[in-house]
Number of protein chains: 2
Amino acid sequence: MFAPPVKLTDRQQELLAYLRQHQREQGVMPSTRDIQRHFGFSSQTAAMSHLRALEKKGVIQRHPHKARAVVFPEDLQREEIVDIPLYGHIAAGYAEMQQQEPDGTLSLDAATIGVNRGSKAFALRVRGESMIGVNICDGDIAILEVKEPRPRDIVAALIDGETTLKRYLVENGRAFLRAENPAFPDLMPDEELQVQGVLKTLIRRMD
Amino acid sequence: MFAPPVKLTDRQQELLAYLRQHQREQGVMPSTRDIQRHFGFSSQTAAMSHLRALEKKGVIQRHPHKARAVVFPEDLQREEIVDIPLYGHIAAGYAEMQQQEPDGTLSLDAATIGVNRGSKAFALRVRGESMIGVNICDGDIAILEVKEPRPRDIVAALIDGETTLKRYLVENGRAFLRAENPAFPDLMPDEELQVQGVLKTLIRRMD
DNA sequence: AAGAACGCTGGACGAGCGAACAGTTAATAT
DNA sequence: ATATTAACTGTTCGCTCGTCCAGCGTTCTT
């Protein structure tokens with residue numbers, strides 16, 4: 001439910017900022033006494049009063065009679081967030097990958113990247129220009145889902161112990177990888193092709 | 001702090017799923033009595049027992065002696081999430097844009113897109129092939145920050161009452177827009193160029 | 001000027017809530 | 001076979017916590 005911005009007093013903004021900060025740092029909302037202590041109020045009902053005003057302006061919601069039950073409406077409306085580990089170097093299947101510490105983590109809502117919370121997903125950085133024919137650039141972040149590839153899917157797969165991002169093709173019952181750049185040859189695996197994941201979403205920083 | 005996956009019993013997984021669900025739907029964690037009611041336990045201490053076990057396995061954290069104070073460790077570690085409104089059609093400056101209901105919302109961590117929580121940002125869909133020279137494709141989602149452009153930034157700007165995504169250039173003290181595709185001419189505004197935002201990040205679904 | 005909103009003080013109440021403790025039975029690990 | 005873990009029941013306690021009520025002074029709106 002879209003809500004245009006509302007006017008808050010300076011003090012109300014301070015209160016709101018404190019709620020956000022506390023939630024970020026502690027993982028839970030503060031109680032009215034936490035708020036009292038933080039702002040140096042003599043009475044906890046000053047906190048109550050502010051919460052009531054913020055609720056009236058629609059920027060928070062409260063569950064009556066429950067401790068720590070302040071809610072940001074946008075938290076309720078948000079699509080479920082998925083944490084995607086970003087690996088710098090992968091030389092393994094997904095099971096081993098999970099045991100490896102990632103280089104970082106991306107967090108996005110599930111709908112944006114087309115990956116459900118329960119699905120296994122990971123991210124890696126595109127290296128080189130082998131997929132430039134479909135506008136996939138060196139340095140892009142590729143988000144992949146661990147699942148069976150269909151022909152023409154773009155996949156991350158293991159070739160000679162290294163992960164590569166290519167188009168997955170099947171000819172004469174034989175799976176292989178093709179670049180989207182004529183300067184790069186097809187890759188035929190010696191054994192069965194080990195696909196690590198199927199490309200779902202691409203992210204590129206432009207600044 | 002990276003933690004490899006741990007083994008949970010079936011019941012523990014049910015408990016964990018309930019915690020997630022309750023938090024998503026209500027915005028706050030359940031109390032031990034909420035958990036008791038949900039699972040049909042005769043005693044609230046069954047819930048306590050499960051929470052203790054989950055905490056021991058590291059998949060939740062708890063603040064002692066505080067109500068509803070179960071925390072998912074990954075929530076604490078996550079970069080701050082930013083909700084970016086996605087507009088289908090923009091024929092205005094940012095102030096008017098804010099009053100308009102967006103077509104949807106993207107939620108991403110601030111570090112991934114290079115936009116701080118306090119900054120004003122919005123998203124729109126790329127239309128056409130005018131920026132294909134820098135691998136920006138029709139249908140891509142562009143995330144922009146409202147700020148002053150520097151020469152060579154890619155910006156969303158108003159031309160003839162329509163928003164367009166182009167490279168911002170300044171020559172002889174005159175600002176104008178250039179496509180990254182020779183098939184598209186430079187765009188010189190009749191009046192002062194109204195820039196809506198500067199491109200920060202591009203997102204593309206590949207499936 | 002009057003009324004409403006803002007931003008607090010202060011006190012007291014009772015329900016919500018985590019926690020401690022004791023225990024049982026079943027399943028799993030050694 | 002024994003020990004440990006899992007999954008609960010059951011009772012009680014005391015603290016945390018939101019809520020109500022009364023009020024004051026200041027600022028803003030009509």
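Side chains included, hydrogens not; waters and symmetry mates left out as well; all remaining heavy atoms used. Residue numbering restarts at 1 for every chain, and letters A, B, ... go by the order of the sequence lines.
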Crowding at CD, A:Glu192 (>12 non-hydrogen neighbours, <6.0 Å): no
Side chain proximity check, B:Tyr168 to B:Val198, heavy atoms < 4.5 angstrom: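 No. Closest side-chain heavy atoms not under 4.5 Å.
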Side chain proximity check, B:Arg204 to B:Cys137, heavy atoms < 4.5 angstrom: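 Contact flag for B:Arg204/B:Cys137 side chains = yes.
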Rounded distance (Å) that lies between atom P of C:dA27 and atom CG of B:Leu8: 20 Å
Separation of D:dT16 P from A:Ile35 CD1 (nearest whole Å): 17 Å
Aromatic plane relationship, B:His22 with B:Tyr18 - under 30° parallel, 30 to 60° tilted, over 60° perpendicular: perpendicular
Below 3.5 Å is the cut-off: list the nitrogen or oxygen pairs between protein and nucleotides 25-30 of chain D, distance only.
none

Value rounded to 0.5 Å, distance of CE in B:Met131 from CD1 in B:Ile154: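 Going from the CE atom of B:Met131 to the CD1 atom of B:Ile154 covers 4.0 Å.
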Summary of protein contacts for nucleotides 11-23 of chain C, nucleotide by nucleotide, where a base hit scores B, a sugar-phosphate-only hit scores S (4.0 Å, heavy atoms): B----SBBBB---
Any N/O pairs under 3.5 Å between the protein and nucleotides 4-7 of chain D? List them or say none.
from, atom 1, to, atom 2, distance (Å)
D:dA7, OP1, B:Thr9, OG1, 2.9
D:dA7, OP2, B:Thr9, OG1, 3.2

Result of checking B:Leu177, B:Val134, B:Val155 against B:Arg167 for side-chain contact (heavy atoms from CB on, under 4.5 Å):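 So, applying the side-chain contact (heavy atoms from CB on, under 4.5 Å) to B:Arg167 and each of B:Leu177, B:Val134, B:Val155, only B:Val134 qualifies.
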Inter-end axis angle, the helix from C:dA1-D:dT30 to C:dT30-D:dA1, with every axis fitted to five base pairs (rounded, 10 degrees): 50°
All pairs passing ring pair (Phe, Tyr, Trp, His ring centres under 6.0 Å) where residues 134-162 of chain B contributes a residue, at least two apart: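 Matches after skipping sequence neighbours: none remain.
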Donor-acceptor contact below 3.5 Å, side chain A:His63 vs main chain B:Gln26: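 Yes; at least one donor-acceptor contact below 3.5 Å.
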Any donor-acceptor pair under 3.5 Å from A:Glu145 side chain to A:Lys120 backbone: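 The answer is no, because no donor-acceptor pair under 3.5 Å joins these two groups.
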Residue pair A:Ser119 / A:Asn116, side-chain donor-acceptor N/O under 3.5 Å: no
With sequence neighbours excluded, residues passing side-chain hydrogen bond (donor to acceptor under 3.5 Å, both in side chains) with B:Asn135: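 Expected list: none.
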Salt-bridge present (B:Asp109, B:Arg78; N to O < 4.0 Å):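 Looking at B:Arg78 together with B:Asp109, the answer is no, because their closest N to O distance does not fall below 4.0 Å.
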B:Arg11/B:Glu14 salt bridge by N-O under 4.0 Å criterion: yes
